[in-house]
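Fair warning: this is a prediction, and the values are worked out from it, not measured in the lab.
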Amino acid sequence: MTKVIVYFHGYNSGPESEKVFKLMKAFPDDAIYSFPINIDPEIAQKDLENNIDDLLIDHLNEDIKLIFVGTSLGGWWVSRLAKLYNCPGIIINPCYSPQKSLEKYGVSEDILKKYSSMKFYSDKDYYFIALHDEVIEPIVDYSWKNLKVYENESVKHRFNGPEFNDVIELIKKL
């Protein structure tokens, strides 16, 4: 079975991020994708769904395991799209309230109004939370949802160092 891994980057990042290259290195025999994400969620939703549908068509006659991974605002996207595509999502330091988080970066009010708060949809999702995130206040109480959460005391928001190996190890088990 081939893993088809789609990485969703955060705000002010892109599809050629360090995490994408780490995924490519860790899974050389699998398919790794990442797409640019428009800041306007209405445009981004259509673009991402079209890109994901196209990659699924490309793998139509293969036995695949679709997995979504996202950091920050990309985690917000994973929380939405993993449910839609019925696949596991790995959500790293999610931007659970884009309306608040993006405001400090000067994103226009028209765009901010289009975002909703993150929903904790799926029991197929896994959360990696840096308890000392310097960009987004970490989720404090997630016990009410019985979420699969991996907390880390020693990392910051970007989650680019050796801690990303925990994400890779999880993907290997899926």
Side-chain angles (χ1 to χ4, degrees), residues 3-27 32-35 37 39 41 44-45 48 52 65-105 107 112 114-174:
K3 286 183 168 78
V4 174
I5 302 166
V6 181
Y7 178 76
F8 297 81
H9 64 82
Y11 179 72
N12 234 3
S13 187
E16 294 184 6
S17 75
E18 184 178 345
K19 291 179 194 79
V20 172
F21 293 114
K22 286 181 178 185
L23 289 168
M24 289 176 170
K25 184 177 180 184
F27 300 98
I32 313 298
Y33 295 89
S34 187
F35 308 106
I37 303 174
I39 191 63
Q45 180 88 30
L48 289 168
I52 294 165
K65 173 77 173 186
L66 183 63
I67 301 168
F68 291 165
V69 180
T71 304
S72 194
L73 189 57
W76 183 85
W77 280 109
V78 170
S79 76
R80 296 172 64 88
L81 295 173
K83 179 171 175 46
L84 180 65
Y85 286 90
N86 192 30
C87 69
I90 299 174
I91 299 169
I92 304 165
N93 292 332
C95 176
Y96 55 90
S97 183
Q99 315 89 312
K100 287 189 213 170
S101 297
L102 293 173
E103 185 177 39
K104 65 184 170 189
Y105 296 107
V107 174
L112 293 175
K114 295 179 183 184
Y115 282 97
S116 60
S117 293
M118 190 173 109
K119 303 286 189 255
F120 299 92
Y121 289 118
S122 174
D123 60 354
K124 294 181 181 181
D125 292 339
Y126 301 83
Y127 297 84
F128 286 80
I129 307 295
L131 295 177
H132 301 290
D133 191 325
E134 77 284 9
V135 176
I136 296 172
E137 189 172 319
I139 301 167
V140 177
D141 182 19
Y142 34 74
S143 59
W144 56 273
K145 278 291 209 178
N146 294 319
L147 302 176
K148 294 173 226 150
V149 177
Y150 300 83
E151 294 179 333
N152 193 310
E153 284 271 350
S154 61
V155 300
K156 300 290 185 187
H157 182 73
R158 296 202 55 85
F159 223 84
N160 273 347
E163 62 276 0
F164 194 70
N165 291 335
D166 294 338
V167 173
I168 289 169
E169 289 304 312
L170 175 60
I171 294 170
K172 289 177 181 177
K173 294 176 187 174
L174 296 178

Visitor: Looking only at the aromatic ring of each residue, does the gap between the centers of Tyr33 and Tyr7 stay below 6.0 angstrom?
Guide: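 Ring centroids of Tyr7 and Tyr33 are no less than 6.0 Å from each other.
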Visitor: How close do Gly70 and Val78 get, counting heavy atoms only, and between which atoms?
Guide: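 Heavy-atom minimum between the residues: N-CG2, 3.4 Å.
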Visitor: Does the side chain of Glu18 come within less than 4.5 Å of Phe164's, by heavy atoms?
Guide: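 No, their side chains stay 4.5 Å or more apart.
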Visitor: So, using side chain to side chain contact (heavy atoms under 4.5 Å, CB included) as the criterion, who are the partners of Phe21 when residues are at least two apart?
Guide: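 Glu16, Met24.
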Visitor: Would you compute the distance between atom CE of Met118 and atom OG of Ser97 and round it to the nearest 0.5 angstrom?
Guide: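 Nearest 0.5 Å value for the CE-OG distance: 10.5 Å.
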Visitor: With side chains defined as the heavy atoms from C-beta onward, is the minimum distance between Ile91 and Phe68 less than 4.5 Å?
Guide: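 Side chain of Ile91 against side chain of Phe68, heavy atoms only: no contact under 4.5 Å found.
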Visitor: Got Ile67 and Lys65 here, is their nearest side-chain heavy-atom distance under 4.5 Å?
Guide: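 In short, these two side chains touch, coming nearer than 4.5 Å.
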Visitor: Supply the atom-to-atom distance Leu84 CG to Ile52 CD1, rounded to the nearest 0.5 angstrom.
Guide: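 Interatomic distance, Leu84 CG to Ile52 CD1, rounded to 0.5 Å: 8.0 Å.
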Visitor: Less than 4.5 Å apart, any side-chain heavy atom of Val6 and any of Tyr85?
Guide: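 A side-chain contact under 4.5 Å is absent here.
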Visitor: Using 0.5 Å steps for rounding, measure from the CD1 atom of Ile92 to the CD atom of Glu163.
Guide: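 Reported to 0.5 Å precision, the distance equals 9.0 Å.
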Visitor: May I ask you to check whether Trp76 and Tyr115 place their ring centers less than 6.0 Å from one another?
Guide: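 Yes, close enough.
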Visitor: If I take atom CG from residue Leu102 and atom NZ from residue Lys104, how far apart are they, to the nearest 0.5 angstrom?
Guide: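 One gets 9.0 Å once the value is rounded to the nearest 0.5 Å.
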Visitor: Does the side chain of Asn165 come under 3.5 Å of the side chain of Lys22 through a donor N or O and an acceptor N or O?
Guide: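 Checked: Asn165/Lys22 side chains show no N/O donor-acceptor pair below 3.5 Å.
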Visitor: Rounded to the nearest 0.5 Å, how far apart are NZ of Lys3 and CG of Leu174?
Guide: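 Taking NZ in Lys3 and CG in Leu174, the distance rounds to 7.0 Å.
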Visitor: I need the Leu112 CG to Ile39 CD1 distance, nearest 0.5 Å.
Guide: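 If we round to the nearest 0.5 Å, Leu112:CG and Ile39:CD1 are 8.0 Å apart.
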Visitor: Give a yes or no on whether the backbone of Ser17 and the side-chain of His9 come within a donor-acceptor separation of less than 3.5 Å.
Guide: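 No; judged by distance alone, with no hydrogens or angles, the pair does not exist.
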Visitor: For the pair Leu170 and Phe128, evaluate side chain to side chain contact (heavy atoms under 4.5 Å, CB included) and give the outcome as yes or no after the intermediate values.
Guide: CA-CA 11 Å; Leu170 175 60; Phe128 286 80; 3.7 Å; yes
Visitor: May I ask you to decide if Ala130's main-chain N or O and Asn93's side chain share a donor-acceptor pair within less than 3.5 Å?
Guide: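 Flag set: sc Asn93 to bb Ala130 pair under 3.5 Å.
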Visitor: Any non-hydrogen side-chain atom of Lys83 less than 4.5 Å from a side-chain atom of Lys124?
Guide: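 A side-chain contact is absent here, since even the closest heavy-atom pair is not under 4.5 Å.
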Visitor: Taking only residues two or more places apart in sequence or in another chain, which ones pass side chain to side chain contact (heavy atoms under 4.5 Å, CB included) with Lys173?
Guide: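 Not a single residue meets the side chain to side chain contact (heavy atoms under 4.5 Å, CB included) criterion with Lys173.
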Visitor: Any side-chain heavy-atom pair from Ile37 and Leu48 closer than 4.5 angstrom?
Guide: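 In short, these two side chains touch, coming nearer than 4.5 Å.
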Visitor: Could you list the residues that satisfy salt bridge (charged side-chain N to carboxylate O under 4.0 Å, His left out) with Lys114, not counting sequence neighbours?
Guide: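 Once residues adjacent in sequence are excluded, the partners of Lys114 under the salt bridge (charged side-chain N to carboxylate O under 4.0 Å, His left out) criterion are Asp40, Glu42.
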Visitor: For a 4.5 angstrom cut-off between non-hydrogen side-chain atoms, does Leu73 reach Phe8?
Guide: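 No, every pair of side-chain atoms sits at 4.5 Å or beyond.
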Visitor: Which of these passes side chain to side chain contact (heavy atoms under 4.5 Å, CB included) with Ile32: Val69, Val4, Ile5?
Guide: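 When side chain to side chain contact (heavy atoms under 4.5 Å, CB included) is applied between Ile32 and each of Val69, Val4, Ile5, only Ile5 qualifies.
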Visitor: List the atom of Ser34, the atom of Pro15, and the distance in Å for their closest heavy-atom pair.
Guide: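 Between these two residues, the closest heavy atoms are OG-CA, 3.2 Å.
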Visitor: Any heavy-atom pair between the side chains of Asp125 and Lys148 that's under 4.5 Å?
Guide: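 They are not in side-chain contact.
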Visitor: So that I can tick it off, tell me whether Lys172 and Glu169 are bridged by a salt bridge, with the cut-off set at under 4.0 angstrom between side-chain N and carboxylate O.
Guide: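 A salt bridge links Glu169 with Lys172.
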Visitor: Taking all non-hydrogen atoms of both residues into account, name the closest pair between Trp77 and Pro41 and its distance.
Guide: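 Taking every non-hydrogen atom into account, CH2-O, 3.5 Å.
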